[in-house]
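Proteins come first, then strands; the chains are lettered A, B, ... in the order of their sequence lines, and each starts at number 1.
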Amino acid sequence: MILEHEIPNGSKLYFGKSAKLKRHIEQVASEILDANGYEEIVTPIFSYHQHKSIADERELIRINDEKNNALSLRADSTIDVVRIIEKRLGHNTKEKKWFYIQPVFTYPTTEQYQVGVEFMGEKNLSSVMNLTVEIFEKLEVKSLIQISNMKIPQLLVEMFDALEIDDFRHINIDKFINLKEEWLTKLVYLQYIEQVDEVMAIAPKAIADELLKMKELCEQMQCDNAVLAPMYYAKMLYYDELYFRSIVENEVYARGGRYKNGELTSVGFAIYTDALCEALEKEEK
Amino acid sequence: MLTVALPKGRIAKETLEIFETIFGDSFKFDDRKLILETPKFRFLLVRNQDVATYVYHQAADIGVVGLDTLEEQGLDVVRLLDLRRGICKVAIGMKKGEKLDLTKPELKVASKMVNITKRYFEERAVSVEIIKLYGSIELAPLIGLADMIVDIVETGTTMKQNGLEVVEDIMTSSTYLIANKNSYIAKKDEVLDIYEKIRDVIQEENKA
């Protein structure tokens with residue numbers, strides 16, 4: 001029996017103080033993004049293309065349109081935002097910097113509010129990563145920035161027959177270390193920017209090139225609380241190079257990276273409003 | 001400071017012995033206490049099935065747990081190191097003399113480990129009805145509740161004593177050192193330091 005006051009598991013309810021806090025986060029973010037020249041977009045909740053961005057299609061809430069074509073509720077905003085701007089608005093706008101404030105939905109009944117940013121045609125991740133730093137500073141939230149590079153796990157899988165991409169999803173460090181390559185072991189241990197040069201000096205050129213990108217991103221970042229995690233592999237399908245997460249204890253406050261849609265390289269991130277709300281609420285208490 | 005979740009019983013004792021070998025100090029829980037504070041570590045004594053949950057939610061940074069429990073729960077944690085202890089098998093047991101026939105239209109399987117059982121039969125495209133039990137699993141085939149059981153086998157004695165035998169191994173399990181994913185990123189030097197020290201102890205043992 002479903003009770004009158006019941007809401008589905010995983011859905012979100014904000015009211016009073018918490019709703020005000022959520023609105024405050026969104027307002028701070030939108031003011032900073034507006035000041036940095038970003039335009040707002042609101043995309044449809046229903047989407048034909050979500051399977052292109054979600055690794056596990058079972059996470060999608062699927063329904064059908066009037067012609068019985070499969071569609072799903074938006075589980076990720078990036079692909080739809082980029083597609084709509086490029087294909088639908090392409091001739092009507094030259095704007096490349098966009099942000100959205102809208103929730104995503106995953107099976108069975110999970111809602112997640114996000115503030116997202118896409119800078120289309122931009123290759124430098126620091127341009128958007130520093131926006132998260134600015135937003136968090138304004139909200140007085142201190143987080144740890146993790147910098148990774150999706151190319152490194154991909155290159156390592158090509159280099160070592162014994163490695164699979166799943167080893168990186170599960171961070172099987174014992175397997176990496178047992179390969180007994182000095183540079184690979186140092187790569188596993190790499191955590192701080194001061195250690196990068198030492199690894200770059202002995203790593204194969206292809207790996208050293210990718211490490212250099214991580215180092216440069218670290219140097220361009222306007223915050224000193226960062227760690228490197230070169231063996232980390234993101235679950236999202238589209239990130240293909242530099243990637244970052246903003247973490248506090250067990251929560252992820254934001255994540256973003258570089259991705260390609262067709263031939264166009266872009267950078268973007270999403271801030272997880274619900275996790276931030278919870279943290280700010282705790283702090284207030 | 002790292003928080004370490006240990007399962008009550010033999011594994012906790014063995015793990016604390018490893019810490020004693022590494023640091024040369026005594027690591028012992030006071031009677032009935034569930035927390036042991038030391039300068040570098042805080043140890044938590046929890047139920048075996050809860051270790052991965054504590055680590056997943058970062059109530060503990062690292063933990064020690066059997067691979068069978070990890071596979072059954074499917075929680076996203078870092079598997080740091082096989083401690084090569086508590087080695088056992090997850091196996092299918094049937095009444096002595098009976099053979100596993102995967103061509104039957106439907107099989108009834110009794111088990112504590114519903115997910116491992118489900119995955120095993122799904123991969124073989126066999127339709128099964130899984131009956132979740134919490135103990136005395138060996139009883140199920142004897143009284144016709146199930147055609148077979150999926151259970152942990154260490155020596156096989158319990159099955160034998162109840163007129164059952166192993167017809168197929170599903171997986172080999174041993175205890176693993178695991179870590180929370182964010183702890184691994186944020187406290188990597190501490191996590192890898194203890195990983196290295198424990199690995200050296202295990203390697204020494206295996207040489208001896």
Asker: Can you find a pair of side-chain heavy atoms, one from A:V115 and one from A:F269, that are under 4.5 Å apart?
Answerer: no

Asker: Give me each pair satisfying side-chain hydrogen bond (donor to acceptor under 3.5 Å, both in side chains) with a member in residues 176-186 of chain A, each pair once, sequence neighbours excluded.
Answerer: A:E181-A:W183, A:K186-A:E198

Asker: For the pair A:D166 and A:R169, find out whether any cationic side-chain nitrogen is under 4.0 Å from an anionic carboxylate oxygen.
Answerer: yes

Asker: Could you tell me which of B:D189, B:V77, B:D82 has the largest number of non-hydrogen atom pairs under 4.5 Å with chain A?
Answerer: B:D189

Asker: At under 4.5 Å between heavy atoms, what parts of residues 48-65 of chain B are in contact with chain A? List them by residue number.
Answerer: B:Y56, B:H57, B:Q58

Asker: With heavy-atom distances below 4.5 Å as the criterion, would you say the side chains of B:L83 and B:I11 are in contact?
Answerer: no

Asker: Should B:E122 and B:R119 count as an ion pair when the cut-off is N to O under 4.0 Å?
Answerer: no

Asker: Taking heavy atoms only and a threshold strictly under 4.5 Å, list by residue number the residues of residues 139-146 of chain A that touch chain B; give 'none' if the list is empty.
Answerer: A:L144, A:Q146

Asker: Side chains of A:R245 and B:N182: do they bring a donor and an acceptor to under 3.5 Å?
Answerer: yes

Asker: Does B:K187 make a cation-pi contact with B:Y184, if we ask for NZ or CZ under 6.0 Å from the ring centre and within 45° of the axis?
Answerer: no

Asker: Using 4.0 Å as the upper bound for N to carboxylate O, is an ion pair formed by A:D174 and B:R79?
Answerer: no

Asker: Pairs under 3.5 angstrom only: tabulate donor-acceptor contacts from the side chains of residues 201-208 of chain B to other protein residues two or more places apart or in another chain.
Answerer:
unit_1	atom_1	unit_2	atom_2	d
B:E204	OE2	B:K207	NZ	3.4
B:E205	OE1	B:R85	NH1	3.0
B:E205	OE1	B:R85	NH2	3.3
B:E205	OE2	B:R85	NH2	2.6
B:N206	ND2	B:I202	O	2.7

Asker: Enter the distance from A:Y189:OH to B:E196:CD here, rounded to the nearest 0.5 Å.
Answerer: 3.5 Å

Asker: Among the options B:I185, B:D76, B:L81, B:V78, pick out the one with the most heavy-atom pairs lying under 4.5 Å from chain A.
Answerer: B:I185

Asker: Given a strict heavy-atom distance threshold of 4.5 Å, which part of A:I177 is in contact with chain B: side chain, backbone, both, or neither?
Answerer: side chain

Asker: Check whether any side-chain heavy atom of A:Y239 sits under 4.5 Å from a side-chain heavy atom of A:E241, and report yes or no.
Answerer: no

